[in-house]
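Order of the sequence lines fixes the chain letters, A, B, ..., with proteins taken first and strands second; residue numbering starts at 1 for each chain. Worth knowing before you read on, the calculation uses all heavy atoms, side chains too, and leaves out hydrogens, waters and symmetry mates.
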Protein chains: 2
Amino acid sequence: MLVLMETQRAARGRARSEVSRQAVLAAATQIIGTDGYAALSIERIARESGVGKQTVYRWWPTKADVVMEALLHKVEVNIPIPDTGSLEADLRQFLTTSLRFGRMSQVVELLRALAAEAQLNPDFAERFRATFVDHRRAALTTILTRDEGRRPAPVRTSTLVDVVFGVIWYRLLILPTEFDDDLVTELVTLLTPTGDQ
Amino acid sequence: MLVLMETQRAARGRARSEVSRQAVLAAATQIIGTDGYAALSIERIARESGVGKQTVYRWWPTKADVVMEALLHKVEVNIPIPDTGSLEADLRQFLTTSLRFGRMSQVVELLRALAAEAQLNPDFAERFRATFVDHRRAALTTILTRDEGRRPAPVRTSTLVDVVFGVIWYRLLILPTEFDDDLVTELVTLLTPTGDQ
DNA sequence: TAAACATTACGAACCGTCTCGTATTGAATT
DNA sequence: AATTCAATACGAGACGGTTCGTAATGTTTA
């Protein structure tokens, strides 16, 4: 559900319209999908969702928050945390799933949009980190530290996490190249202690 | 110099004002430094540099191109390509210099601005890659392939480049953490063939 | 009856283009 | 050598258009 809290609230007056909420998220996703994030505006979200402009402003601080809420729903569906017993296998599966997610063209646009907005708006950057980035880091950290004793750790776990998400974000935001499946193997090679040491 | 070409041209008419060019770059840098990239507009660059609006539009396609020109000057000064004869030493020096550069607060703001604009404006993204990103990749690739025979390459050189710049950009754009010097050692450890294999 | 709703209007900021008169440059003409 | 001319850059600022975020209005619903 993601939203809500204020369990206390009196709930007097008219309740929030779930229909409007869904309509806003759908409209935003569709606008970005067809015309890109640059074409997204709250005016247009309101127009194309059939919702009042003030309603959007009432529930979301910025248009990027609308996008983030739309994206989070997709994340929750698509990326589980594997636990096969083998570090290599878990890592391979997590990376495969993540890269597949990062290949979905609708998703790429949303991720780019959020990263861009985070550069321009420090308040949103804070929410973005707390809500999205840390969630992803925690998942990978869980995998990497599961049998911690085994890895002699010349490299901090947090740095390994930086490497993985670094490559992913770099290729989403800076380079125009798509992910290929060899990348999974290469990353596992780099992250995994190679036998002897 | 960066500009010029058209060596052929008659050069009739008034010459471009170097004073105005410098004033524009300085004003842009200063606005971003104090109020952030979100506050940057061509109107304001013109106003605060004491330059006509049309003059800015004449020489730069977008405000991001102004920022990129300002940044490139800093890069050329600060990051040489080392050649000590040792892969490890070259790598260590390159990373140290690059991270030091990426710690300069003025620089961080400019890099963030360029990355953000590249997400929003595909035309600029093209110029950004061709002018800045590829330049940096080429430098690191030179180092990594200098004694190519020695590395058996279970991992493509281009992927290693992705890892390095991935971590750097990730920590500039997504995370709020600063670079520490241990990161250099860790990256060298990950990128360098560990003795036996 | 209170709060969310859709609608509409508003001022502020910035965009990109345009025009004005002036300044600077090289080439052509005296 | 002195003058004129054409080309181009310059600062200044007006222009119509767009989007922003907020506010005011009456309507609908729990």
Side-chain angles (χ1 to χ4, degrees), chain A residues 3-28 31-32 35-67 113 116-117 120-124, chain B residues 3-28 31-32 34-67 69 113 116-117 120-124:
Chain A
V3 207
L4 138 78
M5 57 217 73
E6 315 189 40
T7 333
Q8 229 63 332
R9 208 168 110 284
R12 285 212 296 194
R14 187 175 179 173
R16 177 176 182 182
S17 164
E18 179 64 15
V19 171
S20 293
R21 180 178 152 270
Q22 301 278 7
V24 165
L25 299 182
I31 292 169
I32 291 180
D35 296 348
Y37 183 67
L40 189 70
S41 70
I42 290 189
E43 298 255 356
R44 193 169 160 192
I45 291 174
R47 202 184 320 130
E48 300 194 11
S49 65
V51 150
K53 197 173 153 182
Q54 196 60 253
T55 299
V56 184
Y57 278 107
R58 181 163 22 244
W59 297 111
W60 291 276
T62 73
K63 61 186 178 181
D65 289 86
V66 177
V67 175
E117 196 64 37
L120 304 178
N121 183 338
D123 288 343
F124 174 74
Chain B
V3 207
L4 143 75
M5 60 217 69
E6 315 188 37
T7 332
Q8 229 63 334
R9 203 170 117 286
R12 270 215 309 188
R14 187 173 175 175
R16 178 176 182 182
S17 165
E18 180 63 17
V19 171
S20 293
R21 182 179 150 270
Q22 302 277 7
V24 165
L25 298 181
I31 292 168
I32 292 180
T34 58
D35 296 348
Y37 183 67
L40 190 68
S41 70
I42 290 190
E43 297 250 356
R44 194 168 160 194
I45 290 174
R47 203 185 318 130
E48 300 194 11
S49 63
V51 148
K53 207 170 150 183
Q54 194 62 257
T55 298
V56 184
Y57 278 106
R58 186 177 298 120
W59 296 109
W60 291 277
T62 72
K63 63 186 177 182
D65 289 85
V66 177
V67 175
E69 186 168 332
E117 195 63 37
L120 304 178
N121 182 340
D123 288 342
F124 174 74

Roughly how many Å is it from [atom1] in [X] to [atom2] in [N], rounded to a whole number?
X: I31(B); N: dA13(C); atom1: CD1; atom2: C1'; result: 14 Å
X: L40(A); N: dT19(D); atom1: CG; atom2: P; result: 12 Å
X: R21(B); N: dA9(D); atom1: CZ; atom2: C1'; result: 16 Å
X: R12(B); N: dT4(D); atom1: CZ; atom2: P; result: 17 Å
X: R16(B); N: dG11(D); atom1: CZ; atom2: C1'; result: 16 Å
X: I45(A); N: dA6(C); atom1: CD1; atom2: C1'; result: 16 Å
X: E48(A); N: dT7(C); atom1: CD; atom2: P; result: 14 Å

Assuming nearest nucleotide by heavy-atom distance, tell me which of S20(B) and E43(B) is located more 5' along DNA chain D.
S20(B)
Six-ring centre of W59(B), R21(B) cation under 6.0 angstrom, axis tolerance 45°:
no
With a 4.0 Å cutoff (strictly under), does any side-chain N or O of [X] reach OP1 or OP2 of [N]?
X: S41(B); N: dA13(C); result: no
X: T55(B); N: dA9(D); result: no
X: W60(A); N: dG21(D); result: no
X: R58(B); N: dC10(D); result: yes

Checking A46(B) now: which residues fulfil side-chain contact (heavy atoms from CB on, under 4.5 Å) with it, not counting sequence neighbours?
K53(B), V56(B)
Output all residues satisfying side-chain hydrogen bond (donor to acceptor under 3.5 Å, both in side chains) with [X], sequence neighbours left out; order by chain, then residue number.
X: S41(A); value: none
X: Q22(B); value: E18(B)
X: T55(A); value: none

When all nucleic acid strands are considered with a 4.0 Å heavy-atom cut-off, which category describes R44(B): base, sugar-phosphate, or nothing?
nothing
Using salt bridge (charged side-chain N to carboxylate O under 4.0 Å, His left out) as the criterion, list what pairs up with D35(A), not counting sequence neighbours.
R44(A)
Reading nucleotides 17-24 of chain C 5' to 3', which nucleotides get B (base under 4.0 Å from a protein heavy atom), which S (sugar-phosphate only), which -?
BB----BB
